[in-house]
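Written below as structure tokens is the structure these notes are about.
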Amino acid sequence: MDQGLDSEASPPPGSIDRSRVLDVRPLRCLAPRFPTQPGMSSASTPQSTPFVCVPPTGPFPTGVRPFYPFMVPNDSQQTANFSFGNDIPAPVPLNSFRTPTPQANGGMGRSKRASKGQRSGSLGVEGDSYSDYQSDPHAGEVGLNSADLDDVSYSGKRKGRKRRVDHGDELDVESLVNSFLTSFKLMEFDDYRRANGNTETVDTILLAYDLFRRRLTQLEEAKDFSSGVARRPDLKAGALLMTKGVRTNNTKRIGHVPGVEVGDIFFFRMELCIVGLHFPSMAGIDYLKTTMNEETVAVSIVSSGGYDDEGEDGDVLIYSGHGGLKDGRMSDQKLERGNLALEKSLHRANEVRVIRGVPEFPGATGKIYVYDGIYKVQESWGEKNRSGCNVFKYKLVRVPGQPEAFTLWKSIRQWKDGIARRPGVVLPDLTSGAETYPVYLVNDVDDEKGPAYFTYVSSLMYSKPFATPKPSLGCQCMGGCQPGGTNCPCNQKNGGYLLYSSLGVLLAHKPLLHECGPTCACPPNCRNRVSQAGPKVRLDVFKTKNRGWGLRSWDAIRAGGFICEYAGDVIDASTTGDFENENEDNYIFDATRSYEPLMAIQDDEDCNGSRKVPFPLVINAKNNGNVARFMNHSCSPNVIWLPVLRESDNNSYIHIAFFAIRHVPPMQELTYDYGRVPPEKGDHGRKKCLCGSVKCRGYFN
């Protein structure tokens with residue numbers, strides 16, 4: 001509305017432009033206004049003061065009638081007075097009054113989507129920075145309410161209906177989540193594993209959650225792209241899994257949480273919930289009742305910048321209490337709930353887990369949640385904030401002897417800003433400008449000055465492309481391929497969906513990814529050309545302690561995030577046995593090897609987690625290559641490779657793209673499984689494995 005309930009004056013007759021229809025939005029509540037009568041002080045209001053309502057400024061659109069208490073004709077804007085002595089009819093829900101949606105024929109009608117109480121917002125909702133209601137600024141960017149969950153309530157009750165998705169097809173969310181539960185054998189978790197996690201349990205649950213969330217994102221984005229509706233698949237996926245009992249560390253505890261390491265990162269608040277690191281999906285303080293005197297003590301806090309927290313010191317955090325903020329208005333905080341729990345923790349000196357929210361990149365609203373370890377409350381006091389209201393302040397000090405976490409993020413930020421000098425730098429850019437970001441060559445282990453000489457190339461070098469039996473038609477998406485594009489041949493090759501989110505995150509694991517090729521009309525920044533744009537994170541080639549050179553990233557990488565492709569010379573697969581020199585064999589990528597599937601990812605009925613390479617692709621990166629040649633093997637990798645097909649007329653080009661399996665913190669080594677040679681080759685090229693994983697096979701080829 002152009003005028004709200006606080007308007008003092010009504011517009012004079014004839015001042016309304018009847019040629020336009022104003023945007024009349026639903027009111028959340030109806031606040032009565034009691035004006036001061038002449039001669040009376042504003043501090044006191046007589047009992048006989050009439051109930052005064054100011055009607056919404058009209059005129060109303062055709063077909064819409066005013067309802068009580070707005071019984072005013074279109075040509076009148078007078079104030080309606082109702083005395084308290086009159087009988088007040090049953091109220092009409094204000095959310096039943098909606099702005100009609102224009103139809104294609106120019107008429108006015110109701111939007112089916114609007115009638116469900118869904119919010120609208122921009123798409124590209126891959127991150128945690130959705131526009132949403134927040135009851136507590138410490139919540140970061142996650143809220144949990146019925147509008148977000150739509151078909152799933154937080155109490156675990158499901159509405160008995162299916163979801164409609166792409167092209168009018170029906171999606172049974174229940175069947176989808178059950179398929180993930182079966183694939184990951186999550187229903188086989190006993191009560192002990194639900195109550196007490198370990199690294200394997202936490203990794204499995206987080207992987208299942210993230211894959212399920214990304215799949216929901218893909219399906220719902222294809223459905224809602226044209227309507228501009230942004231859903232919350234992160235909340236929905238978490239609620240669905242938890243109603244099925246899929247979570248771990250489900251008993252609150254003081255101290256570290258089994259299976260979660262200091263420095264682990266999370267992109268969604270629901271991830272903190274399902275692994276038991278921080279139970280509330282919105283509140284910033286989590287607490288429990290002790291058996292002694294039933295006092296509450298704090299067990300964890302999330303500091304995400306909602307209040308005036310001071311956390312630039314890596315070992316000290318000045319944390320503001322919760323509360324005192326409602327509907328955007330500040331008031332005095334109260335010593336209750338979380339605030340009282342922190343005060344009790346001060347006197348009991350118990351450990352409190354601290355999760356710090358840091359911006360994903362400068363200026364971003366989305367947060368990355370970093371587990372910074374355990375702290376103790378050392379001091380508390382009250383003070384006035386910038387609004388003049390009383391707030392509680394708590395000084396928390398980090399317990400010594402823990403691995404660095406937030407301090408590492410601070411160091412990286414200083415490197416990026418040029419404030420601090422990076423130690424151990426041998427070469428500032430290994431790529432000589434071939435990539436968007438420079439790749440540092442770093443050695444702080446010994447005196448070696450670098451790897452053997454090679455020529456840096458950013459992509460595969462084909463001497464001859466693979467031939468296809470029939471020509472491939474390129475897309476005509478001049479503005480780039482879009483979700484739900486039914487006429488896009490590239491989408492059709494990928495099952496009717498777009499492969500990547502707007503952030504370049506892989507939404508569904510396919511045995512073969514079809515990207516736009518040279519004959520497609522879409523621009524270079526098309527969402528279906530992610531692997532063609534090169535690395536989007538800052539990478540390091542660094543000297544490891546016992547495995548030669550390795551690869552890592554300065555930046556945090558989302559699960560499903562693209563890292564790089566494997567560049568080099570495409571060679572004849574029949575010549576792979578000719579490399580008797582071990583140094584030569586170290587830089588061979590053989591897509592014909594057998595690889596362990598990533599758990600049991602089944603996005604296609606014909607996919608059992610394996611990859612489909614339609615041609616025998618072998619790459620030699622000894623003389624020509626990129627950063628991928630430095631990635632080491634691990635039996636428990638954090639990176640997976642997938643074949644990417646780009647077609648042009650009768651020619652096919654296969655590329656190997658690497659994606660993060662799970663969220664990867666900064667400066668953690670990037671590794672993938674080198675695979676196994678066919679049994680007929682015996683022990684050819686077998687080497688001792690030094691990955692150090694609990695699942696280490698002892699060797700690799």
Side-chain angles (χ1 to χ4, degrees), residues 134-140 142-144 154 195 247 249-258 260 262 266 269-311 315-326 330-357 367 369-385 389-399 402 406:
Q134 299 175 24
S135 65
D136 191 330
H138 277 307
V142 176
L144 189 61
Y154 192 59
R247 62 187 306 178
N249 299 314
N250 60 10
T251 303
K252 291 187 180 183
R253 70 192 72 206
I254 295 174
H256 291 297
V257 170
V260 180
V262 175
F266 307 85
R269 285 287 296 265
M270 289 301 293
E271 293 175 320
L272 305 178
C273 299
I274 62 177
V275 299
L277 190 62
H278 186 79
F279 276 55
S281 63
M282 296 182 66
I285 307 173
D286 193 9
Y287 51 89
L288 60 78
K289 282 188 177 181
T290 62
T291 55
M292 185 182 300
N293 301 327
E294 293 191 347
E295 290 183 341
T296 58
V297 294
V299 295
S300 62
I301 61 173
V302 176
S303 175
S304 57
Y307 290 98
D308 298 330
D309 297 337
E310 301 172 23
D315 294 323
V316 178
L317 172 65
I318 307 300
Y319 188 81
S320 299
H322 78 87
L325 180 63
K326 186 176 182 180
M330 295 295 299
S331 61
D332 291 342
Q333 293 182 349
K334 299 179 181 179
L335 190 62
E336 60 183 12
R337 297 183 296 169
N339 295 338
L340 180 59
L342 282 172
E343 188 69 28
K344 295 294 184 181
S345 292
L346 168 63
H347 300 290
R348 286 184 172 270
N350 66 279
E351 297 171 338
V352 179
R353 296 185 298 274
V354 171
I355 300 100
R356 297 196 188 227
K367 295 288 192 301
Y369 300 98
V370 183
Y371 177 41
D372 199 30
I374 51 177
Y375 284 61
K376 287 189 177 181
V377 184
Q378 191 178 82
E379 188 180 352
S380 70
W381 66 93
E383 64 180 43
K384 297 282 187 181
N385 63 8
C389 299
N390 293 319
V391 297
F392 295 103
K393 292 284 186 175
Y394 303 91
K395 180 181 179 180
L396 292 95
V397 179
R398 196 168 191 254
V399 175
Q402 302 178 84
F406 181 68

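Heads up: numbering here begins at 1 and tracks the sequence. Please read all numbers here as calculations on a predicted model, not as lab measurements.
Without hydrogens or angle criteria, D286 side chain to F279 main chain gives a donor-acceptor distance under 3.5 Å. A donor-acceptor pair is defined here as one N or O able to donate and one able to accept, closer than 3.5 Å; no such pair exists between the side chain of H322 and the backbone of I285. Judged by distance alone, with hydrogens and angles left aside, the side-chain atoms of H278 form no donor-acceptor pair with the main-chain N or O of R269 at under 3.5 Å. A donor-acceptor pair under 3.5 Å is absent between the side-chain atoms of N350 and the main chain of V299, judged by distance alone. Proximity of a side-chain donor or acceptor of Q333 to a complementary backbone N or O of F392 within less than 3.5 Å is detected.
Taking every heavy atom of both residues into account, A341 and Y287 meet most closely at CB-CB, 3.5 Å. The minimum heavy-atom distance linking A195 with T251 is given by the pair CB-OG1, 4.3 Å. Contact record, V352 with A298: CG2-O, 3.7 Å, taken as the closest heavy-atom pair. Of all the heavy atoms in K367 and G357, the pair that sits closest is CD-C, 4.0 Å. When every heavy atom of Y319 is checked against every heavy atom of G284, the shortest pair comes out as OH-O, 3.2 Å.
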#### Entry: Stepwise side chain to side chain contact (heavy atoms under 4.5 Å, CB included) test for V257 and V275
CA-CA 8 Å; V257 170; V275 299; 5.8 Å; no
### Task
Begin from the C-alpha positions of I301 and I355 and carry the test side chain to side chain contact (heavy atoms under 4.5 Å, CB included) through to its verdict.
CA-CA 6 Å; I301 61 173; I355 300 100; over 6 Å; no
### Query
Can you check side chain to side chain contact (heavy atoms under 4.5 Å, CB included) on Y394 and L346, steps first, answer last?
CA-CA 9 Å; Y394 303 91; L346 168 63; over 6 Å; no
#### Entry: Chi angles and distances behind the side chain to side chain contact (heavy atoms under 4.5 Å, CB included) call for V354, R398
CA-CA 9 Å; V354 171; R398 196 168 191 254; over 6 Å; no
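In summary, the side chains of S320 and K393 do present a donor paired with an acceptor at a separation below 3.5 Å, with no hydrogens or angles considered. Counted by atom type alone, W381 and E383 present one or more donor-acceptor pairs between their side chains at under 3.5 Å.
Residues Q402 and H256 are in side-chain contact: their nearest non-hydrogen atoms beyond the backbone lie under 4.5 Å apart. Within the 4.5 Å cutoff, no side-chain heavy atoms of K344 are placed close to those of T290. The side-chain heavy atoms of Q378 and V316, taken from C-beta on, include no pair separated by under 4.5 Å. Here the side chains of R253 and R353 are in contact, with some heavy-atom distance below 4.5 Å. Within the 4.5 Å cutoff, side-chain heavy atoms of E351 are placed close to those of K376.
A distance of 15.5 Å separates OG in S345 from OH in Y375, rounded to the nearest 0.5 Å. Here CG of L396 is found 12.0 Å from CD1 of I374. Values are rounded to the nearest 0.5 Å. Here the OG-CG distance, from S300 to L277, works out to 6.5 Å after rounding to the nearest 0.5 Å.
The environment of CZ in R337 is sparse: at most 12 heavy-atom neighbours from other residues, nucleotides or ligands sit within 6.0 Å. Around the NZ atom of K252, the shell of radius 6.0 Å holds more than 12 heavy atoms that belong to other residues, nucleotides or ligands.
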